[in-house]
Amino acid sequence: PTAHSKKKRESTDPDRFSGKGSPTERQQEFEIWLVKIRSVFARDLDHFENAQSQILYISDMLTGKAYEYVKDGIGKMIQNPNTKTCWQWPSRESLLEYLSMHYITQDTTEVAKNRLDNFPQNDRNYWSWKAELDDNMTRAKKTDEQKVELLRKWVSTRMKDLVTTLQQDIPDDAYNKWSKQMDTFARNLANRAHQDSLEKKVAV
């Protein structure tokens, strides 16, 4: 089809992947980028005329070290556009597999499970700790019941004390309800701490 006959592209470009950060951070960003790239092709394959334009699109979505990693292969393809035997990757999938082998180096499920073995809140800010806890539990593929157990196990002692004051029973597998209840406790504790500090100032 001509450029004028193509339907409007449905997908949007993902943020370019740079390959920065620690191995774990890099892998997490790459996995998200990879899904978004595949989504572009799934929805708008007719916007890419051939394997070369698909491969060049992928390279356009890379920057920094990640682009450096494929630069030579892209250069060979551009120099020999009609000789596929000179190409490092004959298809978009072969390029995506090449990138995956470089950036997916850890089993993030196992990494998350190991972190959850010892993840106490202690004196950490509840909200940042809770966001990290949720992320690890999702990556570790925990059930709602397991999430409740871990939340109650690793939350601070002050929060555990508040759990004993609950008037109603929350089911052991109702993670969303437990999560909201803990959020409420955290807000109450923060408000109480704020009031205490105001009272001390007034007393002085």
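Predicted, not measured: the structure shown is a model, and the values here were computed from it.
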### Query
Where do Asp134 and Lys130 land on the salt bridge (Lys or Arg N to Asp or Glu O under 4.0 Å) test, with the steps shown first?
CA-CA 6 Å; Asp134 281 335; Lys130 175 75 163 23; 3.2 Å; yes
Applying the 4.5 Å side-chain criterion to the ILVMFWY set and letting contacts propagate, would [X] and [Y] be lumped into a single cluster?
X      : Y      : result
Phe48  : Ile78  : yes
Leu56  : Leu45  : yes
Ile32  : Ile104 : no
Tyr98  : Val35  : no
Val111 : Leu34  : no

### Ring centroid separation Phe185 to Tyr126 under 6.0 Å
no
Taking [Y]'s backbone N and O only, do any of them form a donor-acceptor pair with [X]'s side chain (distance below 3.5 Å, no angle check)?
X      : Y      : answer
Glu110 : Asp107 : no
Trp178 : Asp173 : no
Thr83  : Cys86  : no
Asp44  : Glu10  : yes
Glu25  : Ser22  : yes
Ser179 : Tyr175 : no
Lys160 : Lys153 : yes
Arg26  : Gly21  : yes
Trp33  : Met61  : yes
Asn125 : Ser128 : yes

### Message
What verdict does the salt bridge (Lys or Arg N to Asp or Glu O under 4.0 Å) test give for Arg124 and Glu132, after you've listed the backbone C-alpha separation in whole Å, the side-chain angles of each residue and the deciding distance to 0.1 Å?
### Response
CA-CA 11 Å; Arg124 279 189 64 181; Glu132 224 176 305; 2.9 Å; yes
Check the side chains of [Y] and [X] for a donor-acceptor pair under 3.5 angstrom, ignoring hydrogens and angles.
X      : Y     : answer
Gln27  : Glu31 : yes
Thr12  : Lys36 : no
Lys65  : Ser18 : no
Thr108 : Gln28 : no

### Task
Look at the aromatic rings of Phe119 and Trp129 and report parallel, tilted or perpendicular, splitting at 30° and 60°.
parallel
### Query
Would you call the rings of Tyr69 and His102 parallel, tilted or perpendicular if under 30° counts as parallel and over 60° as perpendicular?
parallel
### Task
Before giving the answer on side chain to side chain contact (heavy atoms under 4.5 Å, CB included), spell out for Phe17 and Leu99 the whole-Å C-alpha distance, their side-chain angles and the decisive distance to 0.1 Å.
CA-CA 11 Å; Phe17 174 68; Leu99 288 164; over 6 Å; no
### Message
Show, in sequence, the C-alpha distance, side-chain angles and deciding distance for Asp161 and Thr157, and conclude whether the side chain to side chain contact (heavy atoms under 4.5 Å, CB included) test is met.
### Response
CA-CA 6 Å; Asp161 290 343; Thr157 304; 4.3 Å; yes
Indicate yes or no: at least one non-hydrogen side-chain atom of [X] is less than 4.5 angstrom from one of [Y].
X      : Y      : result
Ser156 : Asn122 : no
His194 : Leu198 : yes
Val70  : Trp89  : yes
Gln146 : Met137 : no

N-O pairing of [X] and [Y] below 4.0 Å:
X      : Y      : result
Lys20  : Glu29  : no
Glu68  : Lys71  : yes
Lys76  : Asp72  : no
Asp135 : Arg139 : yes

Nearest 0.5 Å please: distance from the [atom1] atom of [X] over to the [atom2] atom of [Y].
X      : Y      : atom1 : atom2 : answer
Thr24  : Arg115 : OG1   : CZ    : 8.5 Å
Asn176 : Asp144 : CG    : CG    : 6.5 Å
Lys142 : Leu116 : NZ    : CG    : 6.0 Å

Determine whether more than 12 heavy atoms belonging to other residues, nucleotides or ligands lie under 6.0 Å from atom [atom1] of [X].
X      : atom1 : answer
Arg192 : CZ    : no
Asp196 : CG    : yes
Gln167 : CD    : no
Glu149 : CD    : no
Arg187 : CZ    : yes
Asn191 : CG    : yes

### Task
Kindly indicate, with the supporting measurements, whether the criterion side chain to side chain contact (heavy atoms under 4.5 Å, CB included) is fulfilled by Asp117 and Lys113.
CA-CA 7 Å; Asp117 286 341; Lys113 282 180 181 174; 5.9 Å; no
### Query
What do the steps show when you test Gln54 against His47 for side chain to side chain contact (heavy atoms under 4.5 Å, CB included), and what is the final call?
CA-CA 9 Å; Gln54 293 166 19; His47 281 260; over 6 Å; no
#### Entry: Chi angles and distances behind the salt bridge (Lys or Arg N to Asp or Glu O under 4.0 Å) call for Arg38, Glu93
CA-CA 9 Å; Arg38 288 208 165 114; Glu93 272 306 315; 2.8 Å; yes
### Query
Is Arg92 positioned over the aromatic face of Phe41, cation under 6.0 angstrom from the ring centre and no more than 45 degrees off axis?
yes
